[in-house]
Amino acid sequence: MNGRITTASLDDPLYYLANFETVVHWVATHHGDLLTYDERTRLDRLQSLSQAARALLVRLVMRSGELFRLSKLNYPELGVPESEALDELAADGWTEDDPELAIDELFRLLTVAECRHALAPILADCGLPRAASKKAMLTDCLELAPAPRRFTDWWPDTDDRLVALHHMALFDRIRLMFFGNLRQSWSDFVLVELGHHQYETVPFTPDSRAFQQREAVDRYLLMQACRDRLEGGEPPADIWPDIPARDDSNPWLESRRGRLLMELGRQADRQGDAELALAAWSDSGHREARLRHLRLLERQGRHQEAWDIALSAQAEPRGDGEAQGLERLMRRLARKVDQAPPERPKRPSIPEMHLTLPQPAAASVEWAVLQDLDSEQTPVCYVENTLINGLFGLLCWPALFAPLPGAFFHPFHIAPADLHREDFVSRRQALFDDCLAALDSDEYKDRIRRTWGEKHGITSAFVAWPALSEPVLELALHCIPAADLKLIFQRLLRDLRDHRSGLPDLIRFHPEQARYDLIEVKGPGDRLQDHQIRWLEFCLAHDIAVSVCYVRWQEAD
DNA sequence: ACCCGACACTCACGC
DNA sequence: TCTCGCGTGG
DNA sequence: GCGTGAGTGTCGCCACGCGAG
Ligand SMILES: [Mn+2]
Ligand SMILES: [Mn+2]
């Protein structure tokens, strides 16, 4: 069982309150040690509120922003007037009446007509045309940098009431501790009730949770704040000093930090701050950061420096994407630093096919080629990664959803939390070995079919159910030899993140000969991506039939 | 499993 | 007047 | 013309109602 976390029925008009209280209760009981005394007592005070007040509070928490006009709150299910519930929330410090707000916040709350009316005096000074857009009005007003004012001071003759929600940081923190991320939210409960999502039931105990230390939660939130500022357009140089220092004791957070630095470097580079970009990228553990770092050095003409770093990077490439990138880079650099260019590993050339097709009105190139190649004897499917990933996800279901400590901690996982950790496979080695061993006999077919039946519809990071219909599954099991699947799955397991993409667009089955071939479609102006090349070359090396189909459009006359 | 990832499409460069 | 994008809610 | 490196856009429930333009 998943602890005692259940989703409230949507027949309950206050379903959202029930879900919210489920989360708060779970966090308060099992993560209490990660909360401060103040936070715990603040949460305790929820219980002294009336049900209507709690429900309204939850409504506000679920909505975006922290400022709300009473006229925009319409919740008949509360059973009492919203203003009454608001009074109660304000009395207990959950909200603040008639708060001070900056002019841009005011703009977000008022319609154009209201802005024109409320800000008539200010706008008159700006000399704006009567029909100026909201954006223009705001930029002009911002020039004047007016001090924040209370809502009723901005707009004295309003009939409305404005409230500010407090303690939003606490609610975000709770959501983060519960889900282990800020992407998921209260609405996940609803999506389950609606049947849009069905999650695998993995047993987990109350002690399995996303965070073990408050300090880690703080780091997460700190980095998230940096990310938000970056997205808000703040200069990266201003954000840089606020990024927490490297800490390899938590690989999960360190990889998040790496991604943040990657993005910060991108912004810095774009704005011409090369030194900052270099600093950010060299401190980032992101898979692509080192290459970006090297290419910037190259652009700056610091060839020798780049060459030396590239040499050492080559000894420990961060995945084969980087290895491929390093090879290209060093081929360019070699001339500049007067070194022998790296040996060009002899690559088998990838078989090509060229088609000239009438351009379909709406459908994509892939569909056009599919239609052209499809026949009774050779059914073609447009599957990209979904077929191989799906077969892998089905065969390895028990390993992927194994209840390892820390892998699952709430009922809404599409994959184990440590899927992209370095030691993901090794922690489950015996389980994966067992799954792959089933490929040594026909047993894998039964296992895959059984899982397909038992788990159908349950969300998994590897199984896209709509793409994996029974006929497609049967064709695949019939036409793809177990030996091929084993090779392919072994490659997947070598790097689950990098190798789960880049598979060719189409698969053509030849049921009579129990064989298949994979076809990557390229329309005019498209080209093979690196990871696509890597899959194609892997297949060639293992005698799996692949080709690239280049399409030209027929001249219309 | 983090405003992402996985595609194709687009523009821009240096040789 | 209609179209588009966004926030909301089940 | 090529090979290469970047950046952009789309989609991930779906129906609704509002506000901006
Ligand atoms: Mn494709
Ligand atoms: Mn393609």
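Note on naming: letters A, B, ... go to the chains in the order of the sequence lines (proteins, then strands), and numbering restarts at 1 for each one. Values reported hereafter were calculated over all heavy atoms of this structure, with side chains retained and with hydrogens, waters and symmetry mates removed.
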Will you find, in the side chains of [X] and [Y], an N or O donor that is under 3.5 Å from an N or O acceptor?
X: A:S501; Y: A:N385; result: no
X: A:H303; Y: A:E305; result: no
X: A:N250; Y: A:E254; result: no

Considering only the [atom1] atoms, how many Å lie between [N] and [M], rounded to the nearest integer?
N: D:dG7; M: C:dG9; atom1: C1'; result: 35 Å
N: D:dG5; M: C:dG10; atom1: C1'; result: 45 Å
N: C:dT1; M: D:dC18; atom1: C1'; result: 16 Å

Set of residues satisfying side chain to side chain donor-acceptor pair (under 3.5 Å) with respect to [X], sequence neighbours excluded:
X: A:R494; value: none
X: A:S469; value: none
X: A:R421; value: none

In whole Å, I'd like the distance from the [atom1] atom of [X] to the [atom2] atom of [N].
X: A:M262; N: B:dC4; atom1: CE; atom2: P; result: 12 Å
X: A:R332; N: B:dC15; atom1: CZ; atom2: P; result: 11 Å
X: A:E288; N: B:dC4; atom1: CD; atom2: C1'; result: 13 Å
X: A:R299; N: B:dA12; atom1: CZ; atom2: C1'; result: 12 Å

Mind checking if [X] touches a base, just sugar-phosphate, or nothing, with heavy atoms under 4.0 Å?
X: A:F179; result: nothing
X: A:R421; result: nothing
X: A:A417; result: base
X: A:R108; result: nothing
X: A:H420; result: nothing

Check your understanding: Should the pair A:R59 and A:Y16 be classed as cation-pi, given the thresholds of under 6.0 Å to the six-membered ring centre and 45° from the axis?
Key ->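 Yes, a cation-pi geometry.
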
Exercise for review: Decide whether a cation-pi geometry holds between A:R491 and A:W535; the criteria are a distance under 6.0 Å from NZ or CZ to the six-membered ring centre and an angle within 45° of the ring axis.
Suggested key: yes

Check your understanding: Does the side chain of A:M262 reach to within under 4.5 Å of the side chain of A:R292, using non-hydrogen atoms?
Key -> yes

Check your understanding: Side chains of A:W154 and A:L162: does their closest heavy-atom pair fall under 4.5 Å?
Key ->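 No, every pair of side-chain atoms sits at 4.5 Å or beyond.
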
Check your understanding: Earliest and latest nucleotide of DNA chain D, 5' to 3', sitting under 4.0 Å from a non-hydrogen atom of chain A?
Key -> D:dT4 to D:dG21

Check your understanding: Atom CG of A:L119 and atom CZ of A:F107: how far apart are they, to the nearest 0.5 Å?
Key -> 5.5 Å

Practice item. Please confirm whether A:H410 and A:F408 have ring centers closer than 6.0 angstrom. Key: no

Short heteroatom pairs, N/O only, protein and nucleotides 6-10 of chain C, under 3.5 Å:
from   : atom 1 : to    : atom 2 : distance (Å)
C:dT8  : OP1    : A:R63 : NE     : 3.1
C:dT8  : OP2    : A:S64 : N      : 3.0
C:dT8  : OP2    : A:S64 : OG     : 3.0
C:dG9  : OP1    : A:Y75 : OH     : 2.7
C:dG10 : OP1    : A:R59 : NH2    : 3.4
C:dG10 : OP2    : A:Y15 : OH     : 2.3
C:dG10 : OP2    : A:R59 : NH1    : 3.2
C:dG10 : OP2    : A:R59 : NH2    : 3.0

Pairs: protein N or O with nucleotides 5-9 of chain B N or O, under 3.5 Å:
from  : atom 1 : to     : atom 2 : distance (Å)
B:dA6 : O3'    : A:N385 : ND2    : 3.1
B:dC7 : OP1    : A:N385 : OD1    : 3.2
B:dC7 : OP1    : A:N385 : ND2    : 2.6
B:dC7 : OP1    : A:G502 : N      : 2.5
B:dC7 : OP2    : A:H531 : NE2    : 2.8
B:dA8 : OP1    : A:E520 : OE2    : 3.4
B:dA8 : OP2    : A:K522 : NZ     : 3.2
B:dA8 : OP2    : A:Q529 : NE2    : 3.0
B:dA8 : OP2    : A:Q532 : NE2    : 3.3

